[in-house]
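Quick notes on the structure that follows.
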Amino acid sequence: MNVVLNNERVLNELRKVQDPDLHKDIVTLGFVRKLEIRDGHVRFEISLTTPACPVKDQLRDQAIALVRAIPGVQSVDVEMTAEVRSTPQLDKTALKAVRNIVAVGSGKGGVGKSTIAVNLAASLAKAGARVGLLDADIYGPSTTIMLGVHTPPPPMGNRMTPVDVAGIRLISMGLLVKMDQPLIWRGPMAHKALQQCLFETEWGELDYLVVDMPPGTGDVHLTLAQAVPLTGAVIVSTPQDVGWQISQKTLKMFQQTRVPILGIIENMSYYICPHCQERDYIFGHGGAKKAAETLGVPFLGEVPLDQAIRSRADEGLPVVTSDPDAESSKALRSISEKVAQQVSIRNYTAPVLEVE
Amino acid sequence: MPFSLEQTSPTRIKKSSPQELLVVWADAHETTLLAPVLRGMCPCAHCQDEMTGIRRVLPIHIPDDLELRKLELVGQYALQIEFSDGHRTGIYSFQYLRQLCGCAACKALASS
């Protein structure tokens, strides 16, 4: 058999590699770049839509195996890179350099929303993305404590600079008000504060801006939904029905303002006994997953009650970076990959609206 | 909700003339709305009583020559319109814009 080894031959093989989320092959999607063939040595780059891609290894292995099998191929060298795509319309706002904004919401307080937001941001950053975190829980900002930040950053002219911590660029109301001072604000002030944090911060280029929302449905939520085209929202719930029923209200609010729901995360799903390692579903099991199925939104995963999360947070360290092998870290990492995956799917499928 | 998500998702919004707003929807339907009608049906709290829903401003109160000045998206669910009389507080949700479509089919659906 005398088949010429050329770009076309290699691309034809690579067309057999399907992206499981976008349902197209990697060549059609434009993921294959910088293809070079020299004396049977094939090199190319696969540029994914997120560095936190959960099927990264699978796609690479499949591509290598297919190209390796072409007669005449001596070696295959693949570089995996990523270029996060922008949410449509977001590039037309004042936040041009921010490609995606993901809100983390819940129906009530105390479900671990900030813990999830911090670890989601830290996970994405660890995977290689440029990540910002905006703590919009103006009445009870806690991300500064979880990340061990105590001093506000020096302002740059009349703009705010975020604090660099754990690979994240952080802005929090906790940095702008004194720790021991409660915030007693009317709605319009909350609205103004959020707008300032969003638009008057020197974010720089960001792939993902994670926004930790206050609990419930209020001024801050409406302001955010009106101020920017959000990529989507994730809802944090606990297994208990009461937690879930209230989260549903948050879900409905996001739907009314057409913020896509990227999925539901169940926190405090189970307790791992430190002695026998057995899982104990103390608050019940499967509630959020069932609800996600009923509502037709993705279920992103379960995060266990794990002492590591709490103790690391108290030390000002996100568990995903300080204790990456903990059970909770694995769960949070998998969830962050699923969030990134949902963002990619949404940006790929979202209709483009033209306003002239 | 009488209209589906597709029927209330615009793919194109255009000021097709100083007085006309053209909205092309995801179901390929096209709606043209005149500035005086839009202004007269403004959903802001000043034009429509927040508590009772009773309209304080109606299209008959608006001069025929009123024009559209500026269009701006609000998040991803609504359009803010500034008119030539300076009024700009109305946030027209996509849902509401489709309800305002004057064609017989949409009118029937909107009142169902």
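What's counted below: heavy atoms across the whole structure, side chains too, no hydrogens, waters or symmetry copies. Throughout, protein chains are lettered first and strands after them, A, B, ... in sequence-line order, and every chain is numbered starting at 1. Every value quoted in this text rests on a predicted model; they were computed, and no experiment measured them.
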pair A/L353-B/T11: side-chain heavy atoms closer than 4.5 Å: no
- prompt: Looking at residues at least two apart in the chain, or sitting in another chain, which of them share a salt bridge (charged side-chain N to carboxylate O under 4.0 Å, His left out) with B/E67?
  reply: none
Structural part of A/V228 lying under 4.5 Å from a heavy atom of chain B: backbone
task: Could you tell me which residues satisfy side-chain contact (heavy atoms from CB on, under 4.5 Å) with A/Q226, sequence neighbours excluded, listed by chain and number?
output: A/L222, B/V74, B/Y77, B/I91
query: Within a reach of under 6.0 Å around NZ of B/K15, are more than 12 heavy atoms found that belong to other residues, nucleotides or ligands?
result: yes
query: Where do B/T8 and A/R258 land on the side chain to side chain donor-acceptor pair (under 3.5 Å) test, with the steps shown first?
result: CA-CA 11 Å; B/T8 53; A/R258 294 188 181 229; 2.6 Å; yes
- prompt: For chain A, which residues from residues 23-57 of chain B have at least one heavy atom closer than 4.5 Å to it?
  reply: none
- prompt: Under a 4.5 Å heavy-atom cutoff, which of B/S93, B/G75, B/S16 has the most pairs with chain A?
  reply: B/G75
- request: Output yes when B/R12 and A/E356 qualify as a salt bridge under the 4.0 Å nitrogen-oxygen rule, no when they do not.
  value: yes
message: Side chains of B/Q76 and A/L230, heavy atoms from C-beta outward: is any pair under 4.5 Å?
response: yes
- request: Spell out the residues in residues 206-215 of chain A that have some non-hydrogen atom less than 4.5 Å away from a non-hydrogen atom of chain B, in order of number; otherwise answer 'none'.
  value: none
- prompt: In terms of heavy-atom pairs under 4.5 Å, which option from B/L73, B/L71, B/L79 contacts chain A the most?
  reply: B/L73
